[in-house]
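This report refers to the structure that appears directly beneath it.
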Amino acid sequence: MRREKYESQDDLDAEIRIINRIKAKWQCDAVKMPHEYYTDFFLVEEGGAKRALAKAMCEVRCRNHSFGDFDSVFISLNKARNLLEMAEFTGLPAFFVVQWDNMCGYIKLEPPLPDVSIGGRNNMRDKYDVEPVVNLPISGFKKLWDGKA
């Protein structure tokens, strides 16, 4: 399920490669979510059951630079807030997974959120790409693997 305005086919293909590695590493399955859920995937019990039990939420981001080039990575404040609200409501953890050029890592989103600033890109799809963002220090990320998925 590709979200036309905000995901190209290349974006979706990269997400699928990453989530397939995560599924193997964390021994789970994954279900792609519609845009209104503010997360890319729900991680669910392995086994393909028609009614698979949700285990976590997983937002996936790809960066075109190396881990360590910047001291933080940002996520939209609105997306982070919604992920934390869903985590509180469901009791499920919310993971933010980032694929850099040289490594893939993740962080569990938990309150309180660190440094909020105005960020994003103004050369992208629409005026709302510049918005409040949460700057997550890369020091808080745990490595999943070296290289790209």
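Given the structure is predicted, the values throughout are model-derived calculations rather than measurements. Residues take their numbers from the sequence shown, with the count starting at 1.
In this structure the side chain of Val97 reaches within 4.5 angstrom of the side chain of Cys104, judged on heavy atoms. Within the 4.5 Å cutoff, no side-chain heavy atoms of Val73 are placed close to those of Ile107. Annotation: side chain of Asp71 is not in contact with side chain of Asn135 (no heavy-atom distance under 4.5 Å). In this structure, the side chains of Asp13 and Gln9 come closer than 4.5 Å at one or more pairs of heavy atoms. Proximity of Asp40 to Cys58: side-chain heavy atoms (C-beta onward) are nowhere separated by under 4.5 Å. Using a 4.5 Å heavy-atom threshold, the side chains of Ile118 and Pro132 count as touching.
With rounding to the nearest 0.5 angstrom, the CG atom of Leu77 is 9.5 Å from the CG atom of Leu84. Put simply, CZ on Arg61 and CZ on Phe96 are 4.0 Å apart, with the number rounded to the nearest 0.5 Å. One finds the CD atom of Gln27 at 12.5 Å from the CD atom of Glu45 (value rounded to the nearest 0.5 Å). Phe74 contributes atom CZ, which lies 8.0 Å from atom CD of Glu131 (distance to the nearest 0.5 angstrom).
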Criterion side chain to side chain contact (heavy atoms under 4.5 Å, CB included) on Arg21 and Leu144, from CA distance to verdict: CA-CA 9 Å; Arg21 292 270 311 256; Leu144 286 166; over 6 Å; no
Step-by-step side chain to side chain contact (heavy atoms under 4.5 Å, CB included) determination, Leu43 to Ile19: CA-CA 9 Å; Leu43 303 180; Ile19 208 68; 3.9 Å; yes
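Contact record, Ile22 with Cys28: O-SG, 4.4 Å, taken as the closest heavy-atom pair. Pairing each heavy atom of Phe67 with each of Asn102, the nearest pair is N-OD1, 2.7 Å. The heavy-atom pair separating Leu92 from Met57 by the smallest distance is O-CE, 3.7 Å. The heavy-atom pair separating Ala80 from Ile75 by the smallest distance is CB-CG2, 4.1 Å. A pairwise comparison of heavy atoms in His65 and Asp69 identifies CB-OD2, 3.4 Å as the closest pair. Across every non-hydrogen atom of Glu59 and Tyr38, the tightest pair is OE1-O, 3.9 Å.
Val31 and Tyr37 fall within a single hydrophobic cluster, where Ile, Leu, Val, Met, Phe, Trp and Tyr side chains are chained together by heavy-atom contacts under 4.5 Å. Under the 4.5 Å side-chain contact rule for hydrophobic residues, Ile138 and Val116 share a cluster.
A cation-pi arrangement is present between Lys32 and Phe41 under the rule of less than 6.0 angstrom and at most 45 degrees off the ring axis.
A side-chain donor from one of Trp145 and Gln99 sits under 3.5 Å from a side-chain acceptor of the other. Judged by distance alone, the side chains of Arg17 and Asn20 never bring a donor and an acceptor atom under 3.5 Å apart.
One finds a salt bridge joining Asp101 and Lys148 here, because a Lys/Arg side-chain nitrogen approaches an Asp/Glu carboxylate oxygen to under 4.0 Å.
By the 30° and 60° cut-offs, the orientation of the rings of Phe141 relative to Trp100 is perpendicular.
Summarising the local packing, CD of Glu88 is surrounded by 12 or fewer heavy atoms from other residues, nucleotides or ligands at distances under 6.0 Å.
Judged purely by atom type and a 3.5 angstrom limit, Asp29 has no side-chain atom pairing as donor or acceptor with the backbone of Val44.
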